Chemist: 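Dumping the structure here so I can ask a few things about it.
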Amino acid sequence: MAMRSGFKSRFGFIAAAAGSAVGLGNIWGFPFMTGQNGGAIFLLIYLICIVLIGYPIMVGEIAIGRKTQANPYGAYKALGGRLWALVGFFGVLCGVMILSFYNVIAGWAFGYFLEISFFDLLKTEDYGAHFGGFVQNVGANMLFSGLFMILTAIVVVRGIQNGIEAAAKIMMPMLFVLLFILIGYGLSLDGAGEGINFYLNPDFSKLSITTIYTAMGQAFFSLSLGMGALITYGSYISKKENIISAAGIVSAADTSVAFLAGLLTFPLVFSQGIMPTEGPGLVFIALPGVFEGMGSIGPLIGGTFFFLLSLAALTSTISLLEVPVSFMVDEWKISRPVAVIILATLIYAVGIPSLLSQGAVPGLTEFVSYSGGPKDFLTVILNIFNEVGLPLGGCLMSIFIAIQWKTHNLSEEISFGNPHYKGSFMEKFLNVMITFVCPVVLAVIVTITILQKFLGFEIV
Ligand code: PHE
């Protein structure tokens with residue numbers, strides 16, 4: 001196979017993979033899920049999931065990608081034949097479905113950037129009510145999410161070097177700096193201590209099976225695992241790259257941003273008397289209050305925050321779109337621009353029911369009922385792919401490495417760029433995790449999630 005044109009530099013790959021990982025999952029998803037699942041105990045389980053399961057899966061994905069230089073479908077096909085290729089295809093499908101709703105939420109972030117910067121959002125009386133109205137505004141959301149999809153498409157058409165790499169390098173560091181500034185400000189508010197307690201002092205009585213599978217799903221989502229995004233990005237890196245350290249940096253960057261987002265959100269939530277269990281609107285409700293409190297610089301700081309959040313989302317939507325695009329380009333020999341146009345249009349359309357499910361259309365807002373109440377369409381798709389699809393993809397990938405590709409071939413691939421890998425502690429750790437721990441733990445979690453959450457069995 002011809003060598004693909006890849007990332008220009010080591011930092012380019014790390015920035016792009018971290019850009020894929022860091023996104024709405026960290027700043028929007030992680031705080032609201034932590035709030036709904038008992039606070040600090042969720043954080044603790046989340047960290048365990050990252051280290052024991054997420055990191056090994058990330059290394060495995062990048063290695064499969066670099067070895068095969070192909071999209072997820074092509075990668076599994078090259079190493080395992082037609083049947084295994086279905087796992088890769090399932091990943092491509094997960095990418096399509098996740099992007100469909102992700103793009104809608106990215107549209108919210110973009111809309112908040114515009115409203116705060118140019119339309120006096122910060123003069124609103126009740127931010128909860130404002131958010132409720134905002135997400136029901138079909139025209140505005142069609143426009144914002146449409147613009148967002150177009151931006152994503154433009155970057156993906158430009159390809160790896162000019163688009164993805166260049167975009168990621170500037171945006172990521174800026175986001176970190178702003179988070180730190182805002183956290184400092186948030187911690188100085190009355191009631192911040194209560195938020196810190198909720199976030200950092202675990203209450204073990206709140207530990208439940210729901211906490212565990214929600215944390216696992218979130219770990220996969222946040223690290224962009226289980227659907228082949230990192231197989232795809234891994235296919236563009238050189239043999240000189242040290243996969244072990246690159247995956248370490250990406251995981252650490254992603255986890256830090258999620259942690260910081262929590263450290264920002266919970267003091268604000270408690271100081272403003274918002275319920276931490278508020279759900280998907282949490283960040284959109286808690287943050288404007290603090291920007292308002294900053295007086296005349298509020299719109300600037302708030303606008304910048306939501307601008308950076310939109311950019312973080314953009315580096316993630318790019319990776320989500322890149323997966324099915326690389327599939328179409330490699331497997332069906334369609335040109336990149338045509339594949340991008342077809343997929344962007346299709347995925348935008350698939351996202352419309354999610355967009356309408358936030359109050360605009362009653363039948364989609366209360367779409368089906370499970371795990372204690374009616375769920376809107378967007379939440380259904382999020383639950384299916386976040387909590388089942390991605391961990392299932394990770395489970396199958398680890399089984400694939402263990403029984404088909406074999407860990408000695410994994411070690412061989414990792415050794416390029418890391419000559420001391422063979423015989424190291426890291427090699428033993430990863431092999432044990434990928435061969436035994438990941439398949440078993442993930443299979444159990446996926447089964448329990450389906451039984452308990454979707455089929456209503458009482459398990460614990
Ligand atoms: N990791 C991204 C986020 O946290 C979302 C994502 C999931 C991107 C899966 C690519 C693949 O926002």
Side-chain angles (χ1 to χ4, degrees), residues 15-34 46 49-50 54-55 57-58 61-62 65 71-72 88 90-110 148 152 155-156 164 167-168 171-172 175 179 214-234 247 250-262 280 283 308-327 343 347 351 381-394 397:
S20 167
V22 176
L24 295 167
N26 308 60
I27 293 170
W28 158 80
F30 178 75
F32 98 71
M33 289 181 201
T34 306
Y46 179 75
C49 292
I50 300 268
Y55 177 73
I57 299 279
M58 181 180 285
E61 276 201 26
I62 300 175
N71 70 90
F90 175 70
V92 175
L93 188 75
C94 283
V96 167
M97 294 310 294
I98 290 177
L99 181 54
S100 78
F101 74 79
Y102 197 96
N103 186 55
V104 172
I105 300 158
W108 299 348
F110 192 59
F148 212 85
T152 307
V155 181
V156 177
I164 299 174
M171 302 168 184
M172 295 286 307
L175 185 68
L179 273 175
T214 312
M216 186 66 83
Q218 175 60 17
F220 269 79
F221 185 78
S222 191
L223 293 173
S224 302
L225 299 177
M227 48 153 282
L230 293 176
I231 295 185
T232 310
Y233 274 16
V250 173
S251 308
D254 187 67
T255 309
S256 325
V257 176
F259 178 76
L260 293 175
V283 166
L308 290 176
L309 179 58
S310 306
L311 292 182
L314 185 64
T315 50
S316 300
T317 54
I318 291 164
S319 72
L320 283 160
L321 187 59
E322 177 66 26
V323 173
V325 165
S326 69
F327 167 76
L343 283 163
I347 295 171
I381 302 287
L382 176 77
N383 287 167
I384 294 178
F385 289 95
N386 215 359
E387 282 162 17
V388 177
L390 300 181
L392 179 62
M397 189 206 75

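Please read all numbers here as calculations on a predicted model, not as lab measurements. Order of listing sets the numbers, starting from 1, for every ligand and every atom in it.
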Chemist: What atoms of ligand 1 come closer than 4.0 angstrom to any heavy atom of Ser222?
Modeler: 1 (N), 4 (O)
Chemist: What is the ring orientation for Trp108 with Trp28, classed by angle as parallel under 30°, tilted 30 to 60°, or perpendicular over 60°?
Modeler: perpendicular
Chemist: Quick one: does Ala21 get an N or O within less than 3.5 Å of an N or O on ligand 1?
Modeler: yes
Chemist: So is Gly25 polar-close to ligand 1, meaning N/O to N/O under 3.5 Å?
Modeler: yes
Chemist: CG of Asn26 to CG of Leu223: how many Å apart, nearest 0.5 Å?
Modeler: 8.5 Å
Chemist: Asn26 heavy atoms, cut-off 4.0 Å: which ligand 1 atoms fall inside?
Modeler: 4 (O)
Chemist: Answer with side chain, backbone, both or neither: which part of Ser224 has a heavy atom less than 4.0 angstrom from an atom of ligand 1?
Modeler: both
Chemist: Please answer whether the main-chain N or O of Val22 pairs with a side-chain N or O of Ser222 as donor and acceptor at a distance below 3.5 Å.
Modeler: no
Chemist: How far does CD1 of Ile105 sit from CG of Leu382, to the nearest 0.5 angstrom?
Modeler: 6.5 Å
Chemist: Hey, are the side chains of Leu99 and Leu343 touching, using non-hydrogen atoms and a 4.5 Å cut-off?
Modeler: no
Chemist: For ligand 1, is any non-hydrogen atom under 4.0 Å from Ser20's backbone (N, CA, C, O), its side chain (CB onward), both, or neither?
Modeler: both
Chemist: Could you tell me whether ligand 1 has any atom less than 4.0 Å away from a heavy atom of Leu24?
Modeler: yes
Chemist: Is the closest heavy atom of Trp28 to ligand 1 under 4.0 Å?
Modeler: no
Chemist: Short list, please: which atoms of ligand 1 are under 4.0 Å from a heavy atom of Ser319?
Modeler: 8 (C), 10 (C)
Chemist: Can you tell me how far apart CE (Met58) and CZ (Phe220) are? Round to the nearest 0.5 Å.
Modeler: 10.5 Å
Chemist: Do Tyr46 and Phe30 have their ring centres less than 6.0 Å from each other?
Modeler: yes
Chemist: What atoms in ligand 1 come closer than 4.0 Å to a heavy atom of Met227?
Modeler: 9 (C), 11 (C)
Chemist: Can you list the ligand 1 atoms lying under 4.0 Å from a non-hydrogen atom of Gly23?
Modeler: 3 (C), 4 (O), 12 (O)
Chemist: Can you measure from OG (Ser251) to CG (Leu225) and round to the nearest 0.5 angstrom?
Modeler: 7.5 Å
Chemist: Quick test: of every protein heavy atom, which one is nearest to atom 12 (O) of ligand 1, and how far off is it to 0.1 Å?
Modeler: Tyr102 OH, 2.4 Å
Chemist: Roughly how far, to the nearest 0.5 Å, is CG of Leu175 from CD1 of Ile27?
Modeler: 4.5 Å
Chemist: Purely on distance, is any nitrogen or oxygen of Phe221 under 3.5 Å from one on ligand 1?
Modeler: yes
Chemist: Suppose I only count heavy atoms of Ser316 and a 4.0 Å limit; which atoms of ligand 1 are within that range?
Modeler: 2 (C), 12 (O)
